[in-house]
Chemist: 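Sharing a structure with you now.
Whatever order the structure lists ligands and atoms in, that order sets their numbers, starting from 1.
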Amino acid sequence: KVLGDAGAEVMIWARRPEVADAIRTKHANPEYLPGVVLPDRVGATTDAATAFAGADLLVFAVPSQTLRENLSGWASAGLIGTQTTLVSLMKGIELGTGRRMSEVIVEVTGVEPDRVAVVTGPNLAPEIALGQPTACVVACDDEERAAAVQSTIFTPYFRPYTNDDLLGCELGGAVKNVIALACGMAVGMGLGDNTKAALITRGLAETARLGVRLGADPLTFAGLAGLGDLVGTCMSPLSRNRTFGVHLGRGESLEEAQIATRQTVEGVKSCLAIRDLARGHGVEMPITEQVELVCHEGLAPSVAVAALMTREPKPE
Ligand SMILES: NC(=O)c1ccc[n+]([C@@H]2O[C@H](COP(=O)([O-])OP(=O)(O)OC[C@H]3O[C@@H](n4cnc5c(N)ncnc54)[C@H](O)[C@@H]3O)[C@@H](O)[C@H]2O)c1
Ligand SMILES: O=P(O)(O)OC[C@H](O)CO
């Protein structure tokens, strides 16, 4: 919708024919964006070759843990153009490898890293689809390419800024989902705004700690891809990650929370990958550690809160 509103000709690849048909014929995707009318210049197909043909930009938004498999198929079918800019909207870290999505794209397609851009920030899809104003960052090693993507997605309600710290921007987007799970748990337990604010602030501290160790610019975490997305996600009932956390905080199991949420909740898998990445680099990420224990090892959220609150006191 953003690309179409910004004037681009768009072709969506969908797996289900009924989804592609509804987008093509009714300009709607009722299951995901009820009541939203898509621009006429947005088409859809179930045929990846048709969707990819002649594209200047390929914009990837599949669940992070499925990117490698999908991309391998598209790359081996020769669908990735030689000049195309590859854009990731995904906010996850790959399980098993600890790779960011841009790294998976480079590894699978073999393109030069400067052909890959990331669009991220406080971008809850339902609000954007209603045309409510927000901002984002377009991060890319190639400044000109970042500027080209920026102008391609610039609309009166969607304001993109360029950024040259792809690593920091991508990491901010992935870790905020884990912190949003923690905030949701606090909400589900009936805890209030002080608790959420403390989680957001200390969550940002551990995100920046990991980012700096990996080579990111610390200032990135004060920007849209860091604090901006973290606050937006942790505070919004529209966030799937926060909502999932609310269910866990109420004492529901992982399976019950999954049934209640349905859509992609990146933090649940990424918390494992981020925890491993942090441990591998000797970085302390106590909130991420506790979220992983609650999600995957059956720890009660109240025990996780106690564990965080009784850590050794230290300077901020
Ligand atoms: N929704 C948002 O507000 C938002 C905003 C910014 C970034 N993102 C990121 O976008 C990415 C995708 O999330 P989403 O919100 O579109 O999730 P979603 O759950 O709304 O949609 C995911 C889509 O992927 C499809 N899918 C599921 N498994 C697949 C597979 N194996 N191969 C191909 N397609 C598959 C589903 O059918 C569905 O159409 C995530 O990394 C998320 O963090 C989402
Ligand atoms: O619904 P969530 O939790 O996946 O968050 C969506 C976006 O990433 C918010 O910027």
Side-chain angles (χ1 to χ4, degrees), residues 1-2 12-20 22-23 29-34 36 44 46 48 51 59-74 87-95 99-102 104-105 118-130 132 134-139 153 158 160 169-185 187 200 203 223-248 257-258 261-271 273-274 291:
K1 181 171 188 304
V2 172
I12 294 180
W13 170 75
R15 294 183 303 174
R16 283 169 287 166
E18 64 273 22
V19 174
I23 294 171
N29 186 355
E31 191 185 332
Y32 285 89
L33 295 172
V36 172
T46 53
V59 182
F60 299 113
V62 292
S64 295
Q65 307 305 330
T66 78
L67 176 65
R68 184 177 292 272
E69 194 185 340
N70 278 306
L71 201 52
S72 301
W74 298 324
V87 180
S88 167
L89 305 184
M90 296 160 290
K91 295 177 176 173
I93 302 291
E94 191 177 51
L95 279 172
R99 299 258 199 283
R100 290 173 283 110
M101 293 299 102
S102 67
V104 174
I105 292 172
V118 164
V119 176
T120 185
N123 297 157
L124 294 151
E127 293 184 2
I128 295 177
L130 293 174
Q132 294 182 8
T134 191
C136 73
V137 287
V138 180
I153 61 175
F158 197 68
C169 289
E170 221 171 0
L171 202 65
V175 182
K176 65 87 187 173
N177 287 329
V178 179
I179 308 304
L181 280 166
C183 275
M185 287 178 208
V187 173
I200 288 171
L224 290 162
L227 184 65
D229 202 4
L230 184 63
V231 171
T233 310
C234 289
M235 300 307 285
S236 176
L238 291 176
S239 158
R240 287 88 45 95
N241 286 281
R242 183 181 115 133
T243 303
F244 196 97
V246 172
H247 287 282
L248 294 177
Q258 266 154 354
T261 333
R262 282 183 51 248
Q263 280 175 275
T264 306
V265 182
E266 292 282 17
V268 173
K269 287 184 179 149
S270 288
C271 67
I274 293 164
V291 168

Chemist: Can you measure from CZ (Phe244) to CG (Leu181) and round to the nearest 0.5 angstrom?
Modeler: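 It is 7.0 Å, given to the nearest 0.5 Å.
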Chemist: Taking only non-hydrogen atoms of Gly121, do any sit less than 4.0 angstrom from ligand 2?
Modeler: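 Gly121: in contact with ligand 2 (<4.0 Å).
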Chemist: Among all protein heavy atoms, pick out the one at the shortest distance from atom 33 (C) of ligand 1; state its residue, atom name and that distance to 0.1 Å.
Modeler: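 Atom 33 (C) of ligand 1 sits closest to the protein heavy atom Asn70 ND2, 3.3 Å.
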Chemist: Give, for atom OG1 of Thr243 and atom CZ of Arg262, the distance between the pair rounded to the nearest 0.5 Å.
Modeler: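 Rounded to the nearest 0.5 Å, the OG1-CZ separation comes out at 13.0 Å.
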Chemist: As an exercise, identify every atom of ligand 1 less than 4.0 angstrom from a heavy atom of Glu266.
Modeler: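 What qualifies from ligand 1 is 40 (C), 41 (O), 43 (O).
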Chemist: Show which atoms of ligand 2 fall inside a sub-4.0 Å distance from at least one heavy-atom site of Ser239.
Modeler: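 What qualifies from ligand 2 is 1 (O), 2 (P), 3 (O).
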Chemist: So which protein heavy atom does atom 16 (O) of ligand 1 come closest to, and at what separation?
Modeler: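 The answer is Ala61 O, 4.0 Å.
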Chemist: Do you know which two heavy atoms are closest between Cys136 and Asn123, and how far apart they sit?
Modeler: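 Shortest heavy-atom separation between Cys136 and Asn123 comes out as CB-OD1, 3.4 Å.
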Chemist: Is Lys176 in contact with ligand 2, taking contact as a heavy-atom separation below 4.0 Å?
Modeler: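 Under 4.0 Å: yes for Lys176.
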Chemist: Pull out every atom of ligand 1 sitting under 4.0 Å from any heavy atom of Asn123, numbered as shown with elements.
Modeler: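 Those of ligand 1 that fall under 4.0 Å from Asn123 are 3 (O), 5 (C), 6 (C).
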Chemist: For ligand 1, which atoms sit closer than 4.0 Å to a heavy atom of Ser64?
Modeler: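 Ligand 1 atoms under the 4.0 Å threshold to Ser64: 41 (O).
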Chemist: So, 4.0 Å and heavy atoms of Gly92: is ligand 1 close enough to count as a contact?
Modeler: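 Judged by the 4.0 Å heavy-atom criterion, Gly92 does not count as contacting ligand 1.
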Chemist: With atoms numbered from 1 as shown, which atoms in ligand 2 lie under 4.0 angstrom from a non-hydrogen atom of Asn241?
Modeler: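 In order of number, 2 (P), 3 (O), 4 (O).
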Chemist: Below 4.5 Å, heavy atoms only, C-beta onward: do Pro122 and Leu224 meet side chain to side chain?
Modeler: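 In contact.
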Chemist: Are the side chains of Leu95 and Gln65 in touch, meaning some heavy atoms are under 4.5 Å apart?
Modeler: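 They are in contact (side-chain heavy atoms under 4.5 Å apart), so the answer is yes.
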Chemist: Give the residue and atom name of whichever protein heavy atom lies nearest to atom 6 (C) of ligand 1, and the separation in Å to one decimal.
Modeler: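 Protein heavy atom at minimum distance: Lys91 NZ, 3.6 Å.
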Chemist: Does the pair Glu266/Lys176 count as a salt bridge with the N-to-O cut at 4.0 Å?
Modeler: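 Looking at Lys176 together with Glu266, the answer is no, because their closest N to O distance does not fall below 4.0 Å.
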Chemist: Should you measure from each heavy atom of Met90, which atoms of ligand 1 turn up under 4.0 Å away?
Modeler: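 Answer, ordered by atom number: 41 (O).
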Chemist: Please check if atom NZ in Lys269 has more than 12 non-hydrogen atoms from other residues, nucleotides or ligands closer than 6.0 Å.
Modeler: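 Check fails, neighbour count at 12 or below.
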Chemist: Could you tell me, atom by atom, which parts of ligand 1 come under 4.0 Å of a heavy atom of Gln263?
Modeler: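 Near Gln263, the atoms of ligand 1 are 18 (P), 19 (O), 20 (O).
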Chemist: Hey, what do you get for CD (Glu18) to CD1 (Ile23), rounding to the nearest 0.5 Å?
Modeler: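 The distance works out to 10.5 Å.
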Chemist: N/O to N/O below 3.5 Å, does that happen between Arg242 and ligand 2?
Modeler: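 Checking ligand 2 against Arg242, no N or O pair falls under 3.5 Å apart.
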Chemist: Which atoms of ligand 2 sit under 4.0 Å from any heavy atom of Asp229?
Modeler: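 Listed by number with element: 9 (C), 10 (O).
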Chemist: Between Ile93 and Ser270, what is the shortest heavy-atom contact and its length?
Modeler: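 Taking every non-hydrogen atom into account, N-OG, 3.0 Å.
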Chemist: Do the rings of Phe60 and Trp74 sit parallel, tilted or perpendicular, given the 30° and 60° boundaries?
Modeler: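 Taking Trp74 first and then Phe60, their aromatic rings lie parallel (interplane angle under 30°).
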Chemist: Indicate the atoms forming the closest heavy-atom contact of Gly173 with Thr120, along with that distance.
Modeler: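 The answer is CA-OG1, 4.1 Å.
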Chemist: Relative to the heavy atoms of Ala125, which atoms of ligand 1 are at a distance of less than 4.0 Å?
Modeler: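 With Ala125 as reference, the close atoms of ligand 1 come out as 1 (N), 2 (C), 3 (O).
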Chemist: Rounded to the nearest 0.5 Å, how far apart are CD of Glu94 and OG1 of Thr66?
Modeler: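 Going from the CD atom of Glu94 to the OG1 atom of Thr66 covers 10.0 Å.
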Chemist: Which atoms of ligand 1 have any heavy atom of Thr66 under 4.0 Å away?
Modeler: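 Taking each heavy atom of Thr66 in turn, ligand 1 has 30 (C), 31 (N), 32 (N) under 4.0 Å.
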Chemist: Considering non-hydrogen atoms of the protein only, which is the closest contact for atom 24 (O) of ligand 1, and what is the distance?
Modeler: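 Of every protein heavy atom, Pro63 CD, 3.4 Å lies nearest to atom 24 (O) of ligand 1.
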Chemist: Heavy atom of Arg240 under 4.0 Å from ligand 1?
Modeler: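 The answer is yes, since Arg240 has a heavy atom less than 4.0 Å from ligand 1.
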Chemist: In the protein, what heavy atom is nearest to atom 37 (O) of ligand 1, and what distance, to one decimal place, separates them?
Modeler: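 Checked against all protein heavy atoms, atom 37 (O) of ligand 1 sits closest to Arg15 NH2, 3.0 Å.
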Chemist: Among protein heavy atoms, which lies nearest atom 4 (O) of ligand 2, and at what distance?
Modeler: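 For atom 4 (O) of ligand 2, the nearest protein heavy atom comes out as Arg240 NH2, 2.9 Å.
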Chemist: Only heavy atoms of Leu89, strictly under 4.0 Å: list the atoms of ligand 1 that pass.
Modeler: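 Counting atoms of ligand 1 from 1, those under 4.0 Å from Leu89 are 7 (C), 8 (N), 9 (C), 10 (O).
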Chemist: Ignoring hydrogens, what is the shortest heavy-atom contact between Trp13 and Thr46? Give both atom names and the distance.
Modeler: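 Minimum heavy-atom contact is NE1-O, 3.2 Å.
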Chemist: Answer yes or no for Glu266: is there a heavy-atom contact with ligand 2 below 4.0 Å?
Modeler: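 The answer is no, since Glu266 has no heavy atom less than 4.0 Å from ligand 2.
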Chemist: With the threshold set at under 4.0 angstrom, would you say Met101 reaches ligand 1 through any of its heavy atoms?
Modeler: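 In this structure, Met101 fails to qualify as a contact of ligand 1 - no heavy atom is under 4.0 Å.
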Chemist: Which atoms form the tightest heavy-atom contact between Thr264 and Pro63, and what is the distance?
Modeler: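 So the minimum-distance heavy-atom pair works out to OG1-CG, 3.7 Å.
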Chemist: Does the pair Glu170/Arg100 count as a salt bridge with the N-to-O cut at 4.0 Å?
Modeler: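 Salt bridge flag = yes for Arg100 with Glu170.
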Chemist: Show the nearest heavy-atom pair for residues Met90 and Ala61, with the distance to one decimal.
Modeler: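 Between these two residues, the closest heavy atoms are CG-CA, 4.0 Å.
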Chemist: Closer than 4.0 Å to some heavy atom of Lys91 - which atoms of ligand 2 meet that?
Modeler: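 Answer for ligand 2: 7 (C), 8 (O), 9 (C), 10 (O).
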Chemist: Would one find an N or O of Pro122, backbone or side chain, under 3.5 Å from an N or O of ligand 2?
Modeler: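 N/O-N/O distance below 3.5 Å does not exist for this pair.
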Chemist: For atom 38 (C) of ligand 1, grab the closest protein heavy atom and report residue, atom and distance to one decimal in Å.
Modeler: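 The closest one turns out to be Tyr32 OH, 3.2 Å.
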Chemist: Using distance alone, decide if ligand 1 has a nitrogen or oxygen within less than 3.5 Å of any nitrogen or oxygen in Thr264.
Modeler: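 Yes; the residue has a nitrogen or oxygen that sits under 3.5 Å from a nitrogen or oxygen of the ligand.
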